[in-house]
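In what follows, a structure is listed as structure tokens, so that the remarks can point back to it.
Indexing begins at 1, ligand by ligand and atom by atom, following the structure's order. As the structure is a computational prediction, the values presented were derived from the model and not from experiment. Both backbone and side-chain heavy atoms feed into the values below; hydrogens, waters and symmetry mates do not.
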Amino acid sequence: MPSTTPDVMISAQGIHKAFGGVEVLRGVSLDLLRGEVVAVIGPSGSGKSTFLRCLNHLETIDRGTIVVEGETLARNDDAGKAHYAPEAQIRQIGRKMGMVFQSFNLFPHLSVLENIIEAPMLVKKLKREHIVPKAEALLKKVGLLEKRDAYPNRLSGGQKQRVAIARALAMDPDIMLFDEPTSALDPELTGEVLRTMRELANEHMTMLVVTHEMGFAREVANRVIFMDGGAIVEQAPAEAFFANPQHERTQAFLQNML
Ligand SMILES: Nc1ncnc2c1ncn2[C@@H]1O[C@H](COP(=O)(O)OP(=O)(O)OP(=O)(O)O)[C@@H](O)[C@H]1O
């Protein structure tokens with residue numbers, strides 16, 4: 001049974017997903033708790049991004065249950081196939097989660113400020129004068145207020161990613177999902193993005209982070225999940241995970257990464 005207590009922000013149970021007959025998620029289950037920072041690590045192709053994208057309905061699942069803050073996004077029907085909530089409910093559930101992508105996905109034809117206020121105005125129907133001060137406060141928070149009127153092509157990768165984080169936060173999500181947020185950045189630019197994420201974690205934002213940054217997983221995450229071959233092989237509190245990995249596949253992976 002999926003857990004629906006209020007402190008479980010996302011409950012995903014027995015998630016299966018195949019692309020063209022190849023199963024890339026083989027019964028993945030995870031409860032993400034309020035205020036938790038969970039890092040999902042694992043080799044390339046292990047299904048980490050696909051799992052994250054399923055939670056946010058960027059991919060549909062074949063089988064399993066996804067409950068977000070007590071609201072069911074998908075659950076198995078009598079035939080054991082995933083059945084989704086009606087479209088309006090899917091959209092409402094989607095708004096509980098902010099997503100940050102590896103490739104930033106900023107609108108190139110909009111200024112930094114316009115990128116941030118676009119969704120609150122279009123989706124939440126907020127008035128411009130209401131959302132602009134908030135957008136400016138978010139830009140200040142990510143250290144980019146002076147870039148308010150710049151266009152994305154004038155920003156570094158790290159700056160773009162911080163704008164993308166501010167943009168996601170402007171929708172007031174309860175949960176932030178990060179899909180390899182620093183993988184497209186030059187090494188010297190990852191620190192500024194990780195710092196912003198660390199600040200969010202310190203403010204007790206609930207975060208699920210697919211990452212190759214072992215330092216971030218070790219220092220910021222409360223819990224680390226290791227995926228391999230479309231399944232969760234091992235999970236533990238971050239300190240225990242790195243100090244004493246139990247599974248030999250985890251040990252081999254960490255040996256390569258650290
Ligand atoms: N849209 C898609 N169509 C077909 N196959 C896909 C699609 N998306 C992902 N896959 C495949 O699913 C598998 C899991 O991919 P996924 O991106 O989830 O892995 P990952 O663990 O996030 O890897 P990486 O760390 O390299 O990003 C891979 O074999 C990938 O090629």
Less than 3.5 Å apart, which donor and acceptor atoms pair up between the side chains of residues 167-181 and the rest of the protein, not counting sequence neighbours?
| unit_1 | atom_1 | unit_2 | atom_2 | d |
| --- | --- | --- | --- | --- |
| R167 | NH1 | N105 | O | 3.1 |
| R167 | NH2 | F104 | O | 3.4 |
| R167 | NH2 | N105 | O | 2.9 |
| D172 | OD1 | K134 | NZ | 2.8 |
| D172 | OD2 | K134 | NZ | 2.8 |
| D179 | OD1 | S49 | OG | 2.8 |
| D179 | OD2 | S49 | OG | 3.4 |
| E180 | OE1 | S183 | OG | 3.0 |
| E180 | OE1 | H212 | NE2 | 3.4 |

Going by atom type alone, with no hydrogens or angles, which donor-acceptor pairs under 3.5 Å involve a side-chain atom of residues 229-243 and a protein atom two or more places apart or on another chain?
| unit_1 | atom_1 | unit_2 | atom_2 | d |
| --- | --- | --- | --- | --- |
| E234 | OE1 | Q246 | N | 3.2 |
| E234 | OE1 | H247 | N | 2.8 |
| E234 | OE1 | T250 | OG1 | 2.7 |
| E234 | OE2 | Q246 | N | 2.7 |
| Q235 | OE1 | R223 | NH1 | 2.6 |

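Between the Q89 side chain and the P86 main chain, no donor and acceptor come within less than 3.5 Å of each other.
The hydrophobic cluster around F107 extends to L110, counting ILVMFWY residues whose side-chain heavy atoms fall within less than 4.5 Å of a member.
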Go through the steps to decide whether F253 and Q255 satisfy the test side chain to side chain contact (heavy atoms under 4.5 Å, CB included), and finish with yes or no. CA-CA 5 Å; F253 176 77; Q255 232 159 37; over 6 Å; no
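Two rings, from H109 and Y151, have their centers 6.0 Å or more apart.
Closer than 4.0 angstrom to ligand 1 by heavy atom are F19, V24, P43, S44, G45, S46, G47, K48, S49, T50, E180, H212, sorted by chain and number.
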